Protein chains: 2
Amino acid sequence: MPRQHGERGDGIVEHLRDGVRRGRYVPGQRLIEADMTAELGVSRGLLREAFRRLAAEGLIEIVPNRGALVRRLSLQDALELFEIRLELEALAARRAASAPEAARRQFIKDVSYIWDNQPRVSASAYISENQNFHAAIFTLAGSGQLIQLNTQLQLSLIMAQISPSLTAEVIAQSIQEHRAIAEAIENGDPVAADAASRAHLGRARDMVVKMPSDVFRQSLHGDVETVS
Amino acid sequence: MPRQHGERGDGIVEHLRDGVRRGRYVPGQRLIEADMTAELGVSRGLLREAFRRLAAEGLIEIVPNRGALVRRLSLQDALELFEIRLELEALAARRAASAPEAARRQFIKDVSYIWDNQPRVSASAYISENQNFHAAIFTLAGSGQLIQLNTQLQLSLIMAQISPSLTAEVIAQSIQEHRAIAEAIENGDPVAADAASRAHLGRARDMVVKMPSDVFRQSLHGDVETVS
DNA sequence: AACAACAATATTGTTCGACAATCTTGTTCG
DNA sequence: CGAACAAGATTGTCGAACAATATTGTTGTT
């Protein structure tokens, strides 16, 4: 954790990203500067720079004169993000399936945990498995820009918001679909990988629609809202 | 320009974005804090927050201990971005073509300049026309998340880098393709809009590949590079 | 008890000055 | 000409300060 000169801000950013992933910070939670500077041992200036980065990434929001809070997606946000993710992950899957065989073989090793038949011990275990799996596809796809864009898709937030409502059946179904994607990639079949990705994300999308509505922030009525 | 409490940073961000668009700042140029604080009349802290936002957006880069500079894309960066843009803009075009008729009609009015048959007076005139046109499609698509992601696609940088090598023929060709996209949207035909978008961006991509190589930064040899 | 109005407190927005770490440039020496 | 070093420029980080705004607490009234 002791980062060197010029990279201290990275540590803060990582702390927050990780904190949201593991539920230490939850969507809607306000992030008070005084508290965080005390806890992390950094100056306000550095903390505020980190906040700005994360806000641009879409993980937190900064409301003028009210400061930073972990972003809480509306259902509309989530659906728009799923729609985008569908396209980008299909692209990534195609690229991944076209990667050199050695790289694909390594990928299969890296995600071997998806073949485990034991029921996942906890929702959070599945959440991190899921994040890892999707990240591995983007990595194998080998496009720096895709990896970068993937951070804007807010998988952490979606998982954090729906995780209390996750059922064992939904998880089991997802794992099956992960295997289908992985197999298509292993076989070097871009068309199948594309299709399997779309099927997986389409189903995940439908699942989200059926969630209790208080999982999401009430969406603004306006036509289009941007996030600074 | 006198923004109010809590929104001063927005002005700086806007200034930089605009500056890159109009060529006031060019890819590769270093942005010295002392100079910019003097010119913009803001404190270093605020300026650095703005830098962090823009770096997360991908418009500038921050190199530890060397500060901020306008990002200069490698050919690989540009191609990866085109590949992604192809998918996202096709999505946006489909959505746009499915928008209510009133909105589509308004869109056609907003982009009526594309029907002008006069040759564009300057490369920069075409550049701003192009940016406007593509932004209008994303706006009509009505997805806040898509609009947000569009900022990561770095159209400004690509244009800034290739603009010295733009020819009248290439511009004329692009304008034709813009018209095809607009017509498909006007007719409410998502399939045609999708196809026209893909054709346009595919051709633009091919054009970029043929550019003189010194237009782009020499790409790093590594497998994948991320931009913080 | 509910509520309005106000005061007290907390929190953010912004600036300034300081100093160490690092990079850049200029100069001198071999 | 190039290495080595010194001088200067620039960034990274901190802390203190104060105004603007938001939040909470208190009081008095109905």
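Because the structure is predicted, anything quoted here is derived from the model rather than measured. Scope of the values below: all heavy atoms of this structure, side chains included, with no hydrogens, waters or symmetry mates. Within every chain, numbering begins at 1; the chains are lettered A, B, ... in the order of the sequence lines, protein sequences first and strands thereafter.
When atom types are taken as modelled, the side chain of B:Q152 and the backbone of B:G58 share no donor-acceptor pair closer than 3.5 angstrom. When atom types are taken as modelled, the side chain of A:E80 and the backbone of B:G144 share a donor-acceptor pair closer than 3.5 angstrom.
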Every protein N/O within reach of nucleotides 15-19 of chain D N/O, cut-off under 3.5 Å:
| unit_1 | atom_1 | unit_2 | atom_2 | d |
| --- | --- | --- | --- | --- |
| D:dA17 | N6 | A:R44 | NH1 | 3.3 |

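Residues passing the ring-ring contact (aromatic ring centres under 6.0 Å, His included) test with A:H178, sequence neighbours excluded: A:F133, A:H134, A:H200.
For the contact set between residues 24-39 of chain B and DNA chain D, defined by any heavy atom under 4.0 Å, the members are B:L31, B:I32, B:E33.
Whole-Å rounding puts the A:I60 CD1 to C:dT12 C1' distance at 14 Å. Following rounding to the nearest Å, B:E7 (CD) and C:dT14 (C1') show an atom-to-atom distance of 14 Å.
Residue A:R66 has no polar side-chain atom (N or O) positioned under 4.0 Å from OP1 or OP2 of C:dT11. Look at A:R48 and you won't find any side-chain N or O under 4.0 angstrom from OP1 or OP2 of C:dT12.
Taking both residues in full, the closest heavy atoms of A:I137 and A:I185 are given as CG1-CD1, 4.2 Å, listed atom of the first, atom of the second, then distance.
Across all strands shown, B:G45 has no heavy atoms under 4.0 Å from either base or sugar-phosphate atoms. Using a 4.0 Å heavy-atom criterion, one finds that B:E49 contacts no nucleic acid atom at all.
A salt bridge is absent between B:R72 and B:E61; no separation between the charged side-chain nitrogens and carboxylate oxygens falls under 4.0 Å.
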